[in-house]
Amino acid sequence: MTTEATEGIQALLHEKRTFPPSAEFAAQANGTAEMYDRADADREAFWAEQARKYVRWETDFDQTLDWSGAPFSKWFLGGRLNACVNAVDKHVEAGNGDRVAIHFVGEPEGDTRDITYADLHGQVQKAANALADLGVGQGDAVAIYLPMIPEAVVAMLACARLGAPHTVVFGGFSADALRSRIADAGAKVVITADGGWRRGKPGALKPAVDAALDSGEHPVEKVLVVRRTGQDVPWTDGRDQWWDDALAAAADTHEAQAFDAEHPLFILYTSGTTGKPKGVFHATGGYLVQNAYTSSVVLDIHPESDVYWCTADIGWVTGHSYIVYGPMTLGATQVMYEGTPDTPHQGRFWEIVQEAGVTVLYTAPTAIRTFMKWGTDIPAKFDLSSLRLLGSVGEPINPEAWMWYREHIGGDRTPIVDTWWQTETGAIMISPLPGVTQARPGSAMRPIPGVVAEVVDDAGQPVGNGQGGYLVITEPWPSMLRGVWGDPERYRETYWSRFEGVYFAGDGAKLDDDGNIWVLGRVDDVMNVSGHRMSTAEIESALVSHPKVAEAAVVGAADAMTGQAICAFVILREDVISEADEHGEGAELVAELRAHVAKEIGPIAKPRQIMVVAELPKTRSGKIMRRLLKDVAENREVGDVTTLADSSVMDLISAGMDKGD
Ligand code: ATP
Ligand code: MG
């Protein structure tokens, strides 16, 4: 029994350090050890309990799960609810209207707004009425193309209130990306802004909407425009309307209707790291249940005392699940930040943590590695003692970055939850419970209570400890995608055809000697070097564990001798590199890094080529696009770069490669 993709993966990760929570943290934690047993004993009963604990149902459900139409699932059948009421009205009715829901921090310094749940209640009602006045009703899709401003949350919740599925398109995406998503979702209305602040300057958004709509047929009837920067915008009379005007003209109160638990809440396109984005859609009930539950037991949010901050953009699933629907269903107080981490200075995040007294921080490995590159003296200038829990999501976090995060941000005190999940899974699936798990740096550890995941070989058989294979989810879960919008066949084919009856996530993973799960990244990111299967993630981790390296991307390039050869691209840490490293030939440094990988993993893992670069090609959600680096390493023309955050990065890397060879 071998696994095609991961056969013979060396037991490379010899990480043995563990970090148990403090007794103090464990004592107050929402997630407890007995939940695992309870969920194992009766999974459906467990989920039914979470559903009733965290979510307000206008009509209670009478059946927890219907899996008879597998792989299409239905959860909480007969139940009726409104997601917006759960995120807003419920808290006001419970007497918590004065609680701050959003501490908004705009990019321009001093541009802050505190919005209470009562404020939000007023706004979502007006916005729902305004949308209804434009003809939006149950089942009508609405596209949202906004910067990270509170209106984005209001817009999403107003749609949810009406039962109108939203499709949020990341504000950094082009007119083309916007057009294809509007068309695929069939959106009737687009909600956008004149622009947003980016690195000290107003960036325009509205022209991209115009370009998307001017270039052919589309289903859009109306465009609502939020005034954010005050810049001039082109205007189409009859179609465009200012958000403020629409809300001012709308009635103050809106009575929310309850919708079926399976009613689609939103459509969201995946980030496109591996190919054409898929329109993943989620159902209201199950999605809300698992998000509220994980916000409580994994992110350990205590709504009455925490100040939570998730740094994701609202345009990604992390923003949907862990800015809007999860934390707000709990009634949390959170920070929402419009800008980038380096505006106006590289300590901005830490300044915000200090000023707002952030207690729970949820961010991505790409950000953590950037902070490592900038140096430890930057966070050291700020008081981060309010932090009590740190989270990571989006990519595998290298043990070195995990340790850095804990030490320099978490004061060697906070638990870290490395949370594995996807747009498709809707909510966290594999993660430590921060008050229970003895976490190991770099491992997402175990499926959370209620979720059943395995690592299997080619034949779909579970692998043993110390072995690698494919990550699969073997039982349905409440927040699972209900399909690919308009393409049920693609849903079956993409997720359910590789292995009989189980969900194939597309990620490779390994079990360590204790049975903990290490997600290695996508199965396509596994290399074959002289017959040895090696994962890019493991070699990257070895490189990042060298004190001079902040970030690394590894690809396997076709090689006549070895099948594939390892090519590494590295970014150096600004606080430790010398002049020679930066400007010299770099030969010494390259030799040093190759020797380091040989020592950490073995001589077979030594990269054939190491190139020092200033930036790596990343998607706008911060994920490294290895396929482009592979094009460079194989001297091919670089492929589709439309989802890259900064396409000039590839020109630089390609130019450097020509010089180096
Ligand atoms: P596409 O599916 O279009 O290629 P994508 O997979 O990058 O895009 P997302 O749904 O945003 O889009 O990302 C989910 C993926 O991110 C996971 O499949 C996994 O590869 C990676 N990932 C997320 N969290 C973790 C984590 N904690 N550890 C390891 N990998 C993670
Ligand atoms: Mg994916």
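Here, residue 1 is the first one in the sequence, and each next residue gets the next number. Counting starts at 1 for both ligands and their atoms, following the listed order. These figures come from a predicted structure and were not determined experimentally.
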What atoms of ligand 1 come closer than 4.0 angstrom to any heavy atom of Thr270?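 Checking each atom against Thr270, I get 1 (P), 2 (O), 3 (O), 8 (O).
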Contact between ligand 1 and Gly506 is defined here as a heavy atom of the residue under 4.0 Å from a ligand atom; is it met?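 Gly506 does not count as a contact of ligand 1 under the 4.0 Å cut-off.
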For the residue pair Lys618 / Thr366, report whether a side-chain donor-acceptor contact shorter than 3.5 Å exists.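 Per modelled atom types, Thr366 and Lys618 side chains form a pair under 3.5 Å.
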Quiz item: cation-pi between Arg181 and Phe173, 6.0 Å / 45°: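 Verdict for Phe173: a cation-pi partner in Arg181.
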Counting both backbone and side chain atoms, is some N or O of Ser392 under 3.5 Å from an N or O of ligand 1?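 No, no N or O pair falls under 3.5 Å.
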Any Trp421 heavy atom less than 4.0 Å to ligand 1: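 Heavy atoms of Trp421 do come under 4.0 Å of ligand 1.
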Measure from NZ or CZ of Arg498 to the centre of the six-membered ring of Tyr470, then state whether that distance is under 6.0 Å and the direction lies within 45° of the axis.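 Judged by the rule, Arg498 and Tyr470 form a cation-pi pair.
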Using a heavy-atom cut-off of under 4.0 Å, does the side chain or the backbone of Glu395 touch ligand 1, or both, or neither?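 Under 4.0 Å from ligand 1, Glu395 contributes backbone atoms alone.
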May I ask you to check whether Trp518 and Asp512 show a side-chain donor-acceptor distance below 3.5 Å?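 Per modelled atom types, Trp518 and Asp512 side chains form a pair under 3.5 Å.
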Pull out every atom of ligand 1 sitting under 4.0 Å from any heavy atom of Asp418, numbered as shown with elements.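 Checking each atom against Asp418, I get 26 (C), 27 (N).
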Scan side-chain atoms only and decide if Ser431 and Thr419 contain a donor-acceptor pair under the 3.5 Å cut-off.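 Per modelled atom types, Ser431 and Thr419 side chains form no pair under 3.5 Å.
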Please determine whether a side-chain nitrogen of the Lys or Arg among Lys373 and Glu551 lies less than 4.0 Å from a carboxylate oxygen of the Asp or Glu.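 No, no charged N to carboxylate O under 4.0 Å.
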Will you find, in the side chains of Tyr491 and Trp496, an N or O donor that is under 3.5 Å from an N or O acceptor?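 Present: a donor and an acceptor within the cut-off.
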May I ask you to list the atoms of ligand 1 that are less than 4.0 angstrom from any heavy atom of Val519?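 Result: 29 (C), 30 (N).
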Taking only non-hydrogen atoms of Val317, do any sit less than 4.0 angstrom from ligand 1?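 No, Val317 has no heavy atom closer than 4.0 Å to ligand 1.
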Part of Thr419 with heavy atoms under 4.0 Å of ligand 1, whether side chain, backbone, both or neither: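 For Thr419, only backbone atoms sit under 4.0 Å from ligand 1.
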Considering the heavy atoms of Thr423, write down every atom of ligand 1 situated less than 4.0 Å from one of them.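 Counting from 1, the qualifying ligand atoms are 9 (P), 10 (O), 11 (O).
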Only heavy atoms count here, so choose which of Arg522, Lys623, Gln422, Met429 is nearest to atom 13 (O) of ligand 1.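 Nearest heavy atom to atom 13 (O) of ligand 1 lies in Lys623.
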With no hydrogens and no angle check, do the side chains of Tyr54 and Ser296 hold a donor and an acceptor under 3.5 Å apart?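 Side chains of Tyr54 and Ser296: pair found under 3.5 Å.
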For Lys278, take its heavy atoms, then give the atoms of ligand 1 lying under 4.0 Å from any of them.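 Contacts of ligand 1 toward Lys278, numbered from 1: 2 (O).
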